[in-house]
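Numbers for residues simply follow the sequence, beginning at 1. Note: hydrogens, waters and symmetry copies are ignored here, and every other heavy atom, side chains too, is used.
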Amino acid sequence: MEHTGYIRIERKKIPFYLKDKKVHLIPDNPFASLMPGNIKEKEIVKGTTTDNREIIFIGCRYNSCILIYKALIISDYNTGIYPEITKFDRICFEGRAVNTFAGPGRAFTSEKGSDTSNQMKTIIPKKWEDINFTGEAKLKRDKIKLAIIFTIRHNLKYDKTSMGEAIPNFSLEYEKGKNIKYIPQIYLMAYDFFCFLNFRRNIIFNKITLQIKKDDIFYPIATVYVNSNINDDFDRNENNSIISTDCIKFWNKLFSVIALRRTQKIYDNFYIPLNSKEAPTVTYEKYLACALSFESEYTRLYPTKKEDNKSYAEIHNIFVKTADELNVIFHAIQNDQITFNDFFQIYIDGVNKKYTKLVKNSSKTKKRKTDGYFNKIKDSLSKIDYSLADKYKNALNDNIEYLQPVIDQLCKHNNITFPSAYEAGTIFADFRNKIAHGNPEEIKSIHCVLYEIARAMIYIMILKMSDADNKSIKTIISKLF
């Protein structure tokens, strides 16, 4: 990609040179390159290319020599023919990840049972309703229509070996026109969604286009380029990725769950491998990131200890009530309504006498048990929620029907016996704590297995939040892990 032209900044027309996503500004002052000046920020910078196309940079930081941006838009038509691009109705994404999800081969059907000695098999395009599919999602105030839409091109040129192609694109159609300033956020929604589908973060969209709607017909208006340094080493396929047939019943809810995360300030997708080369390895950093992601997903799906344990909730409420009563007493002390000695006499002595009377005639064994119960209560109340070990154990037990095949395969490959759920949670949590405190032990086979099981449990929890059915979860987990 190479363009030249002018942009407008601070009421000035400044020449620019764009090559390989880098934008160099050509200043009036020849010494500006030696003294580039302070970095400034601007949400949108507009300009015109030398071939008379509108160009828009979004999320900009610049000085007198260079401009850095998050995304840029180049119009598909000459300036002046249509109004300036400020909004769009639909954004479309194409690329290998979209192909994997949608399956271009789904667009055709092959004639079966033909006698090839007399006639070639016929390849027939399917009906639109059989290959295109839609769903609805609501993200905060936006109502979005999700769609996989195919473009089928035929080529009958004499010297070509290919008759044509079917190109699926993943599109987001907004009920109301969307401002172009949101394109970087929208791109990240699509990026996160396909990272989750493919269990990889090396997702690249080869083409991103904007469309506007007039008289119920969509017209392409511009092409979007995202300033990303991700390498195009994507190598996933339908056998190791989540494809449309795996999640067709809930794909719109899944998109909503994934897409809302960044708006909720959730940035915990580092449990997903960057690429297939990195995927089989475990490091201390990756283990720690996985544990953090696991805990946050568990918190979003499962009840807290107070919600889940009736006895704990009752004791918790008693202590909360007691704290409220103490607060009233302390307030009375501050206002000289009672003295501290009065409080000590009324409250502390009263509690001590009642406790002493309770255990006075008890045996040493019963008294020791009573003291033990008291200490357990104090210890439980000091922990607001389940520990990491408890969460791992609970999630493992709750999802064992999906995880057992994965556990069996991993244990066989690593030649180990899987521990009990309680032991697994303890080992996982202890290893995480040692890493966090700077004294990790050597990574062993059991840690690798527990790490991979944790990643599988994260996927299961997200799928459950997306209303996935049991059969779909089993299929997806068996493909990814």
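- Within the 4.5 Å cutoff, no side-chain heavy atoms of Y62 are placed close to those of V23.
- In this structure a side-chain-to-backbone donor-acceptor pair under 3.5 Å is present from N227 to Y69.
- The local environment of CD in Q409 is sparse, with at most 12 non-hydrogen atoms from other residues, nucleotides or ligands closer than 6.0 Å.
- At a threshold of 4.5 Å between non-hydrogen side-chain atoms, the residues E441 and F431 count as touching.
- Within the model, atoms CG of L463 and CD1 of I242 stand 6.0 Å from one another, a figure rounded to the nearest 0.5 Å.
- Counting non-hydrogen atoms of neighbouring residues, nucleotides and ligands closer than 6.0 angstrom, the CZ atom of F150 exceeds 12 such neighbours.
- When side chains are defined from C-beta on, D469 does not count as touching I473, because their heavy atoms never get closer than 4.5 Å.
- When all heavy atoms of R96 and N206 are compared, the pair lying nearest together is N-ND2, 4.1 Å.
- In this structure, the side chains of F270 and S293 stay at 4.5 Å or more apart for every pair of heavy atoms.
- Here the side chain of R200 pairs no donor or acceptor atom with the backbone of C195 at under 3.5 angstrom.
- Judged by distance alone, with hydrogens and angles left aside, the side-chain atoms of N240 form a donor-acceptor pair with the main-chain N or O of N237 at under 3.5 Å.
- R201 is not listed as a side-chain neighbour of N275, based on a closest heavy-atom distance of 4.5 Å or more.
- Note: Y287 and F428 meet the aromatic proximity criterion, with ring centroids under 6.0 Å apart.
- Atom OH of Y392 is separated from atom CG of N394 by 12.5 Å, given to the nearest 0.5 angstrom.
- Listed here is the closest heavy atom pair of C290 and Y271: CA-CB, 4.2 Å.
- For the pair I243 and E238, the tightest heavy-atom approach, listed with the atom from each and the gap, is CG2-CA, 3.8 Å.
- Screening N198, I230, D192 for a side-chain contact (heavy atoms from CB on, under 4.5 Å) with I203, the sole residue that qualifies is N198.
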side-chain contact (heavy atoms from CB on, under 4.5 Å), that's the test. Do I74 and I56 meet it? Break it down for me. CA-CA 7 Å; I74 300 178; I56 305 168; over 6 Å; no

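- Minimum heavy-atom separation, T475 to S478: O-OG, 2.7 Å.
- The nearest pair of heavy atoms linking Y402 to K474 is CD2-CG, 3.5 Å.
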Does the side-chain contact (heavy atoms from CB on, under 4.5 Å) test come out yes or no for Q211 and I221, once each step is laid out? CA-CA 5 Å; Q211 299 178 358; I221 58 171; 5.8 Å; no

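- Between the OG atom in S228 and the NZ atom in K70 there is a gap of 13.5 Å [rounded to 0.5 Å].
- A salt bridge between E297 and R261 is present, with a side-chain N of the basic residue lying under 4.0 Å from a carboxylate O of the acidic one.
- Remark: the backbone N or O of K434 is not paired with any side-chain donor or acceptor of H437 at under 3.5 angstrom.
- Proximity of F418 to D408: side-chain heavy atoms (C-beta onward) are nowhere separated by under 4.5 Å.
- One distance of note links OG of S256 with CE of M189; it measures 9.5 Å at 0.5 Å rounding.
- Counted within 6.0 Å of CG on N415, heavy atoms from surrounding residues, nucleotides or ligands total 12 or fewer; the atom is thus considered open.
- Using a 4.5 Å heavy-atom threshold, the side chains of K479 and N239 count as separate.
- Atom OH of Y182 has 12 or fewer heavy atoms from other residues, nucleotides or ligands within 6.0 Å.
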Does I453 form a side-chain contact (heavy atoms from CB on, under 4.5 Å) with V406? I'd like the steps, not just the answer. CA-CA 8 Å; I453 294 300; V406 181; 3.9 Å; yes

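- The number of heavy atoms from other shown groups lying within 6.0 Å of NZ (K277) does not exceed 12.
- Between the CD1 atom in I167 and the SG atom in C92 there is a gap of 12.0 Å [rounded to 0.5 Å].
- No side-chain donor-acceptor contact under 3.5 Å links E278 and T281.
- A donor and an acceptor atom, one from each side chain of S296 and R300, are located under 3.5 Å apart.
- The main-chain N or O of N179 is never found under 3.5 Å from a side-chain atom of Y174 such that the two would form a donor-acceptor pair.
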Residue pair Y451, I443: steps toward the side-chain contact (heavy atoms from CB on, under 4.5 Å) verdict: CA-CA 11 Å; Y451 166 81; I443 299 175; over 6 Å; no

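- Judged purely by atom type and a 3.5 angstrom limit, N63 uses its side chain to pair as donor or acceptor with the backbone of I66.
- Donor-acceptor pairing under 3.5 Å is recorded for the side chains of S276 and D235.
- Taking the six-membered ring for Trp, Y459 and F199 have ring centres closer than 6.0 Å.
- Evaluation of the salt bridge (charged side-chain N to carboxylate O under 4.0 Å, His left out) test over residues 137-147, restricted to residues two or more places apart or in two chains, returns D142-K178.
- Here the rule is ring pair (Phe, Tyr, Trp, His ring centres under 6.0 Å) with F194, and of F93, F170, Y187 only F170 fits it.
- Applying the 6.0 Å contact sphere to CZ of R61 captures no more than 12 heavy atoms from other residues, nucleotides or ligands.
- Closest non-hydrogen pair, S241 versus R236, comes out as OG-CB, 3.2 Å.
- With no hydrogens or angles considered, no side-chain donor-acceptor pair links N169 and K207 at under 3.5 Å.
- Between the CD1 atom in I204 and the CD atom in E94 there is a gap of 15.0 Å [rounded to 0.5 Å].
- Look at D398 and K464 and you find a salt bridge, because one of the NZ, NE, NH1 or NH2 atoms lies within 4.0 Å of a carboxylate O, short of that distance.
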